[in-house]
Amino acid sequence: MPELPEVKTTVNGLKKYLVGKTIKKVWTDWEKMVKKPADFSYFKSTIKDKKIKDIIQRGKNIVFLLSNDYSLLIHQKLTGHLLYGKWKEKEKGNWVSQTKGLMSSDKMNSYIHFIFFFKDGHQMALSDLRKFAKIVLAKTKEIKKDLDKELGPGILEIDFKEFKKRLEQKRTSIKKAIMDQGVIAGIGNIYSDEALFRARIHPLKKANNLTEKELKRLYNAAQKILKQAIKYNGTSVSDYRTPKGKKGEFSKLLKVYGKDGERCPQCSSLIEKVKVGSRTARFCPKCQKK
DNA sequence: ACAATATCCTGCGAGC
DNA sequence: TGCTCGCAGGATATTG
């Protein structure tokens, strides 16, 4: 999954196709993705005949606003992605795409674990190799309340002042702090590495030890990179696809993420990796000093 | 407030 | 060739 640029690409795509459509039924071979309501048959009956009024992005979450004050929340986690098209069940649980452009040969089709069927015959599929994706159906008010409680403001919605205020009080590493969705929403492992590289900040530097100048560089780098990545339809390391099944093109512009052992484009030093909490950070030891 | 660890899953590439 | 190990765009719960 998708971090903010991938989620945004997904939401923008889906909006074009799905707003106004009415859900007829759902299919799944992995009910566990639905965290709420606990009873899956209640989920099915509640979602039936609901119309999609709008689709919004909040951090890395996708929220489908439905009729009757209900909302459907989908978080794609690591390998989930939403596709729009039509599929046919060839054998049990084996869905083959009938849509031009959405190649039936794409192996992501074999990881479809959820399909929403609409009254007009179109479908939205959730492909998710690792089955970590989360689906929640609840009253819109409740969903919004929960999101507001869990998430900080979106990285593209805050000014430098707010950015600084939120980070300068964090005593953890800067990488962890900007990836913490409760501090700022939207940044994950790829874009934190890329933003820190462009701002020339070591991932393990304590957030509250950054100078005003460093914070400013980081803010600017994050804004720039994320906007650029949205234009490129996100990054496809392996799994991510746009709703039409295309790969994100920002992969070409990555400078450090996944590049350990390669040369820094700035100074030719070898890119290194280091553990930051449970994640791996890639950085240039010469350009990004602690 | 923060760190460390396990957990939810499957596939892939490295190294032996 | 085939095995085992570690790792992968995320987040949460638990324990210290």
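Within every chain, numbering begins at 1; the chains are lettered A, B, ... in the order of the sequence lines, protein sequences first and strands thereafter. Keep in mind that the numbers below use all heavy atoms, side chains included, and drop hydrogens, waters and symmetry copies.
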Q: Considering only side-chain heavy atoms of A:Gln181, which listed nucleotide, C:dG9, C:dA8, C:dA11, is closest?
A: C:dA11

Q: What N/O pairs connect the protein and nucleotides 10-15 of chain B at under 3.5 Å? Give each pair on its own line.
A:
unit_1 : atom_1 : unit_2   : atom_2 : d
B:dT10 : OP1    : A:Lys131 : NZ     : 3.1

Q: Counting any heavy atom closer than 4.0 Å, what does A:Tyr191 reach on the DNA or RNA strands: base, sugar-phosphate only, or nothing?
A: nothing

Q: On DNA chain C, compare the nucleotides closest to A:Lys134 and A:Ser236; which residue's is nearer the 5' end?
A: A:Ser236

Q: Show which side-chain atoms of residues 10-27 of chain A pair as donor or acceptor with protein atoms under 3.5 Å away, not counting sequence neighbours.
A:
unit_1  : atom_1 : unit_2   : atom_2 : d
A:Thr10 : OG1    : A:Glu6   : O      : 2.9
A:Thr10 : OG1    : A:Tyr240 : OH     : 2.8
A:Asn12 : ND2    : A:Lys8   : O      : 3.4
A:Lys21 : NZ     : A:Tyr17  : O      : 3.1
A:Lys21 : NZ     : A:Asp120 : OD2    : 2.9

Q: Write out a two-atom table: protein N or O, nucleotide N or O from nucleotides 2-4 of chain B, distance below 3.5 Å.
A:
unit_1 : atom_1 : unit_2   : atom_2 : d
B:dC2  : OP1    : A:Arg171 : N      : 2.6
B:dC2  : OP2    : A:Lys170 : NZ     : 3.3
B:dA3  : OP1    : A:Thr172 : OG1    : 3.3
B:dA3  : OP2    : A:Thr172 : OG1    : 2.7

Q: Pick base, sugar-phosphate or nothing for A:Ser238, based on heavy-atom distances below 4.0 Å to the nucleic acid.
A: base

Q: Does A:Lys275 make a side-chain N or O approach to OP1 or OP2 of C:dA8 shorter than 4.0 Å?
A: yes

Q: What's the CG-C1' distance between A:Asp128 and C:dG9, to the nearest Å?
A: 12 Å

Q: Ignoring the backbone of A:Asp239, work out which of C:dG9, C:dA11, C:dT12 is nearest its side chain.
A: C:dG9

Q: Identify the heavy atoms of A:Ile158 and A:Tyr219 that sit nearest to each other, and give their distance.
A: O-OH, 2.7 Å

Q: Dot-bracket notation for DNA chain C is requested: 5' to 3', Watson-Crick or G-U wobble pairs only, both distances under 3.5 Å, with ( ), [ ], | and . as defined.
A: .|||||||.|||||||

Q: I need the CG-C1' distance between A:Asp260 and C:dG6, as an integer number of Å.
A: 13 Å

Q: Any Lys/Arg nitrogen of A:Lys92 or A:Glu89 sitting under 4.0 Å from an Asp/Glu carboxylate oxygen of the other?
A: no

Q: Do A:Asp159 and A:Glu162 have side chains that get closer than 4.5 Å, going by heavy atoms?
A: yes

Q: Can you check the A:Ile155 CD1 to C:dG9 C1' distance for me, whole Å?
A: 17 Å

Q: How long is the line joining CG of A:Asn61 and C1' of C:dT12, in whole Å?
A: 14 Å

Q: With no hydrogens and no angle check, just 3.5 Å: does a side-chain donor-acceptor pair link A:Lys175 and A:Ser192?
A: yes

Q: Who clusters with A:Phe197? Use side-chain heavy atoms, under 4.5 angstrom, across I, L, V, M, F, W and Y, and order the result by chain and number.
A: A:Val256, A:Ile271

Q: Restricting to pairs with a member in residues 37-47 of chain A, which pass side-chain hydrogen bond (donor to acceptor under 3.5 Å, both in side chains), not counting sequence neighbours?
A: A:Asp39-A:Ser41

Q: Determine the sole option in A:Lys290, A:Lys205, A:Arg200 for which the salt bridge (Lys or Arg N to Asp or Glu O under 4.0 Å) test with A:Glu214 is passed.
A: A:Lys205

Q: Using the glycosidic torsion, which applies to B:dG11: syn (within 90° of 0) or anti (everything else)?
A: anti

Q: What's the NZ-P distance between A:Lys35 and C:dA11, to the nearest Å?
A: 14 Å

Q: Within the pair A:Gln76 and C:dG9, is there a side-chain N or O less than 4.0 Å away from OP1 or OP2?
A: no

Q: Before accepting this row, confirm whether a basic side-chain N of the pair A:Lys60/A:Glu3 lies closer than 4.0 Å to the acidic partner's carboxylate O.
A: no

Q: Can you check the A:Glu3 CD to C:dG9 P distance for me, whole Å?
A: 8 Å

